[in-house]
Amino acid sequence: MMIPAAGNWVFSLVAVMAVLTCALLQGARAGVVGDFNHQERCKDFLYMGTPPRGYLRNSFTKICQRYEDKPRYVTMYDTHKHIPIYTAYTFKKSDGDKRVDFPWMFEPQLASEKSTSNMQPFPQSSSMHMNFEDTQAVLEDYADVVQYERGQLNPDEHQSDPLDKASTYSLTNVVPQIREFNLGPWSEHQDLVRKRLNNYCRGKAFVVTGVTTSGHTIRRNNLDRVAVPEYMWTAYCCTEFDQNAPYFVRYKFPVFAAYGLNDRVNNHMVEVPLKNLEKFLKGRMDVDKNFQIFYSDCVPDN
């Protein structure tokens with residue numbers, strides 16, 4: 001009688017291990033996730049492994065943005081307004097060159113949990129886009145809106161590895177930006193931050209870039225398709241920096257922020273301390289009083 005019992009016990013153990021292994025493999029695949037902290041390497045793009053806190057809506061979707069089987073950055077995505085609420089990434093020193101030969105991609109798991117966890121290029125046939133346009137923006141949404149540019153929250157120019165740069169060309173990392181704002185103040189500020197972090201950040205730099213939304217929307221076929229941000233905002237955190245930098249630069253470390261109106265006029269970027277940005281956003285976003293972009297406001301424990 002003992003032999004069958006032992007056999008059953010071994011069989012049960014093997015079955016449990018198989019289930020656990022399957023679960024771990026599913027977790028390692030990432031893509032659309034329940035929590036950035038519990039997925040392989042997703043939290044590496046967040047200061048102290050902690051995402052911005054205080055968002056009141058639970059309907060946003062978390063994406064661990066994977067390309068070529070490797071996590072590249074993370075995004076909080078609104079599947080109803082079809083735009084990212086924020087993207088968090090680690091800055092890589094770069095020469096600022098922008099690649100324009102990468103295909104635009106989409107997130108398969110927003111349409112089906114069974115799909116691949118890697119972002120994929122849009123199919124050549126636009127009729128195929130109907131399969132996933134309910135949950136995300138598609139190329140047709142940007143086709144006939146000449147007043148808007150596709151504004152990257154994690155910009156190509158803030159990455160150096162070709163595959164990291166390629167991964168920024170997902171429409172889940174893009175919002176509609178007024179052309180004058182995108183090509184002017186927004187682009188200029190991204191380059192300013194790139195040069196500042198290139199020259200004075202000595203360790204890892206974490207960046208979070210996000211939006212506030214208004215009532216404006218891109219419509220297609222008489223349907224609301226893509227929300228247009230009212231304001232764009234961005235903040236960086238670099239705790240290891242050049243202590244001998246000139247004061248006009250040094251006081252903007254370890255953390256600083258900026259925001260700008262996504263419009264044709266009055267659209268200059270305003271640089272502010274992190275707390276000022278958070279106060280500004282609390283009046284324009286659905287967040288609670290504890291809204292915080294970086295863990296402990298990017299103040300190191302030591």
Short side-chain donor-acceptor distance under 3.5 Å, N182 and E149
no

Measure up the F280 and Y231 rings against each other and bin them: parallel (under 30°), tilted (30 to 60°), perpendicular (over 60°).
perpendicular

Under 3.5 Å, is there a donor-acceptor pair linking the side chains of T209 and T234?
yes

Would you say T168 and Q152 are linked by a side-chain donor-acceptor pair, where the criterion is simply a distance under 3.5 Å?
yes

Using only heavy-atom distances, determine whether the side chains of N267 and E180 contain a donor-acceptor pair under 3.5 Å.
no

Side chains of E107 and S170: is there a donor and an acceptor less than 3.5 Å apart?
no

Between the side chains of D156 and Y169, does any donor sit under 3.5 Å from an acceptor?
yes

Donor-acceptor pair between S167 and K165 side chains, under 3.5 angstrom
no

Is a side-chain N or O of D78 found less than 3.5 angstrom from the main chain of H80, in a donor-acceptor match?
yes

How many angstroms lie between CG in D297 and OH in Y47, if you round to the nearest 0.5 Å?
10.0 Å

Kindly assign one of parallel, tilted or perpendicular to the pair F181 and W186, based on the angle between their ring planes and the thresholds 30° and 60°.
tilted

T172 and T75: side chain donor to acceptor below 3.5 Å:
no

Is R202 close to D242 at the side-chain level, that is, under 4.5 Å between some pair of heavy atoms?
yes

Checking ring-ring contact (aromatic ring centres under 6.0 Å, His included) between Y236 and each of F91, F256, F253, which is the one that passes?
F253

